[in-house]
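Right, one structure below, let's go through it.
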Amino acid sequence: MRRSGHTLALCALGLIGSLAGIQSSALAADSTEEKGAKIYCFMRSSGNDHSVSWNASYAVIKRQGNGMFKTSPEHASVMITEAVVNDPGNFPDCGQYLGDLFGGSNKSSSGSSLNTATSTGTLTNYDNQGDRYAY
């Protein structure tokens, strides 16, 4: 089966176009994660708590992503963490807040368990506060 020059040219242009589309979406993802990290770190260093800072940065990551599906909250946390770790000079003093993205502020100071014994000897479960990444 012999192909004409027009068919081959069309196939080549389609391949080049699809590869260029992949590259531009990868570049957009980099800028989106940096934007989210900048928002989160700036708001935390300005005195805002985790939930306010998280909601603002996740809104940017979720709405400015170019993918067909919206970014999950867990993935957005990883994106922010990677942006800070890859360029710590661009996000000064932000490393201290990264643990809060993964539930660091909800854990007990000993880090052993979320269940504690009350004076009556029964266990109280503090893990029923809901999913922090529910959307």
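Just so you know, residue 1 is the first one in the sequence shown, and it goes up from there. None of these values were measured; they are calculated from a predicted model.
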Open item on the list: Ignoring hydrogens, what is the shortest heavy-atom contact between A83 and F91? Give both atom names and the distance.
Closed with: O-CE1, 3.3 Å

Open item on the list: Let's go through I61 and M79 carefully: what are the C-alpha distance in whole Å and the side-chain angles of both, what is the deciding distance for side-chain contact (heavy atoms from CB on, under 4.5 Å) to 0.1 Å, and is it a yes or a no?
Closed with: CA-CA 9 Å; I61 291 171; M79 290 169 66; 4.0 Å; yes

Open item on the list: Rounded to the nearest 0.5 Å, what separates atom NZ in K35 from atom CD in Q64?
Closed with: 4.0 Å

TODO: Could you check R63 against V60 for side-chain contact (heavy atoms from CB on, under 4.5 Å), going step by step and ending with a plain yes or no?
DONE: CA-CA 5 Å; R63 288 180 179 88; V60 168; over 6 Å; no

Task: Between CD1 on residue I80 and OH on residue Y58, distance to nearest 0.5 Å - done: 10.5 Å

Task: Straight-line distance of E82 CD to E34 CD, nearest 0.5 Å - done: 11.5 Å

Give the table of side-chain donor-acceptor pairs shorter than 3.5 Å for residues 36-47, with sequence neighbours excluded, one pair per line with atom names and distance.
{"from": "Y40", "atom 1": "OH", "to": "R44", "atom 2": "NH1", "distance (Å)": "3.0"}
{"from": "Y40", "atom 1": "OH", "to": "H50", "atom 2": "ND1", "distance (Å)": "3.0"}
{"from": "Y40", "atom 1": "OH", "to": "Y97", "atom 2": "O", "distance (Å)": "3.4"}
{"from": "R44", "atom 1": "NE", "to": "N48", "atom 2": "O", "distance (Å)": "3.3"}
{"from": "R44", "atom 1": "NH1", "to": "D100", "atom 2": "OD2", "distance (Å)": "2.8"}
{"from": "R44", "atom 1": "NH2", "to": "D100", "atom 2": "OD2", "distance (Å)": "3.1"}
{"from": "S45", "atom 1": "OG", "to": "C41", "atom 2": "O", "distance (Å)": "3.0"}
{"from": "S45", "atom 1": "OG", "to": "F42", "atom 2": "O", "distance (Å)": "3.0"}
{"from": "S46", "atom 1": "OG", "to": "F42", "atom 2": "O", "distance (Å)": "2.8"}

Task: Non-hydrogen side-chain atoms of F102 and V78 separated by less than 4.5 Å - done: yes

